[in-house]
**Student:** 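What follows is a single structure, and I will ask about it in a moment.
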Amino acid sequence: MRVVIEASEQYKSFLIEVAEAIKAKISFDDKDAYEDIPEHVKLAVEESQVQYEDGKYTDFSVVKASLLSRLHKM
């Protein structure tokens, strides 16, 4: 099984300890994953960040409640 984890540098030693404890192979790639994202996706992310800053978003608790109410109506 292969697992990819993106984490801050501060967790590197912890991840090494975990890998050693479970006898797993671990490698580090310091390349920023954002660089690999297609340009149209980057633009969409930037647009959503602006919308968030402008208050144009729905809180997760509202979305969750809406989905749960739909589920229970079925």
Side-chain angles (χ1 to χ4, degrees):
M1 172 176 54
R2 182 170 190 257
V3 177
V4 177
I5 299 173
E6 290 189 28
S8 299
E9 183 71 25
Q10 70 190 46
Y11 299 109
K12 188 173 185 175
S13 61
F14 171 73
L15 293 170
I16 291 170
E17 286 182 44
V18 170
E20 289 172 352
I22 63 173
K23 296 180 175 66
K25 180 177 125 183
I26 189 168
S27 63
F28 294 94
D29 180 2
D30 292 331
K31 187 175 79 171
D32 186 4
Y34 193 75
E35 296 171 8
D36 295 334
I37 297 174
E39 194 60 35
H40 69 281
V41 176
K42 289 180 186 177
L43 292 172
V45 168
E46 291 168 11
E47 181 182 349
S48 67
Q49 289 172 333
V50 170
Q51 290 173 344
Y52 175 78
E53 290 168 1
D54 291 342
K56 298 177 183 175
Y57 65 92
T58 303
D59 189 84
F60 175 70
S61 61
V62 174
V63 174
K64 182 179 176 182
S66 173
L67 291 172
L68 286 172
S69 70
R70 288 185 202 173
L71 178 66
H72 293 297
K73 285 183 181 178
M74 294 181 169

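Predicted model, so just to flag it, every value in this text is computed and none were measured. Heads up: numbering here begins at 1 and tracks the sequence.
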**Student:** Can you list the residues that meet the salt bridge (charged side-chain N to carboxylate O under 4.0 Å, His left out) rule with Asp54, with sequence neighbours excluded?
**Tutor:**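 Testing Asp54 for salt bridge (charged side-chain N to carboxylate O under 4.0 Å, His left out), a comparison that skips the adjacent residues, returns none.
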
**Student:** When hydrophobic residues are tied together by side-chain contacts of less than 4.5 Å, even through go-betweens, does Val41 share a cluster with Leu43?
**Tutor:** no

**Student:** Which pair of heavy atoms, one from Arg2 and one from Val4, lies closest together, and at what distance?
**Tutor:**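 Where Arg2 meets Val4 most closely, the heavy atoms are NH1-CG2, 3.7 Å.
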
**Student:** What residues form a side-chain contact (heavy atoms from CB on, under 4.5 Å) with Val3, not counting sequence neighbours?
**Tutor:** Met1, Ile5

**Student:** Over all heavy atoms of both residues, which pair between Glu35 and Lys42 is shortest? Give the atoms and the distance, please.
**Tutor:**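 Heavy atoms only, the tightest pair is O-NZ, 3.9 Å.
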
**Student:** I'd like to know whether CD of Glu6 has more than 12 heavy-atom contacts from other residues, nucleotides or ligands below 6.0 angstrom.
**Tutor:** no

**Student:** Once ring-ring contact (aromatic ring centres under 6.0 Å, His included) is applied, do any residues pair with Tyr11, and if so which ones, sequence neighbours excluded?
**Tutor:** none

**Student:** Hey, what do you get for CG (Leu15) to CD (Glu20), rounding to the nearest 0.5 Å?
**Tutor:** 11.5 Å

**Student:** Please name all residues satisfying side-chain contact (heavy atoms from CB on, under 4.5 Å) with Ala44, sequence neighbours left out, ordered by chain then number.
**Tutor:**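 Partners of Ala44 by the side-chain contact (heavy atoms from CB on, under 4.5 Å) criterion come out as none, since no residue qualifies.
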
**Student:** When the side chains of residues 56-63 are checked against the rest of the protein, which donor-acceptor pairs come out under 3.5 Å, sequence neighbours left out?
**Tutor:**
from, atom 1, to, atom 2, distance (Å)
Asp59, OD2, Ser61, N, 3.0
Asp59, OD2, Ser61, OG, 2.5

**Student:** Tell me, please, which residues at least two apart from Glu47 pass side-chain contact (heavy atoms from CB on, under 4.5 Å).
**Tutor:**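 Checked Glu47 against side-chain contact (heavy atoms from CB on, under 4.5 Å); matches are Gln51.
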
**Student:** Please list, chain by chain and in numerical order, all residues satisfying side-chain contact (heavy atoms from CB on, under 4.5 Å) with Ala19, sequence neighbours excluded.
**Tutor:** Ala24, Ile26

**Student:** For residues 17-51, which residue pairs pass the ring pair (Phe, Tyr, Trp, His ring centres under 6.0 Å) check, not counting sequence neighbours?
**Tutor:** none

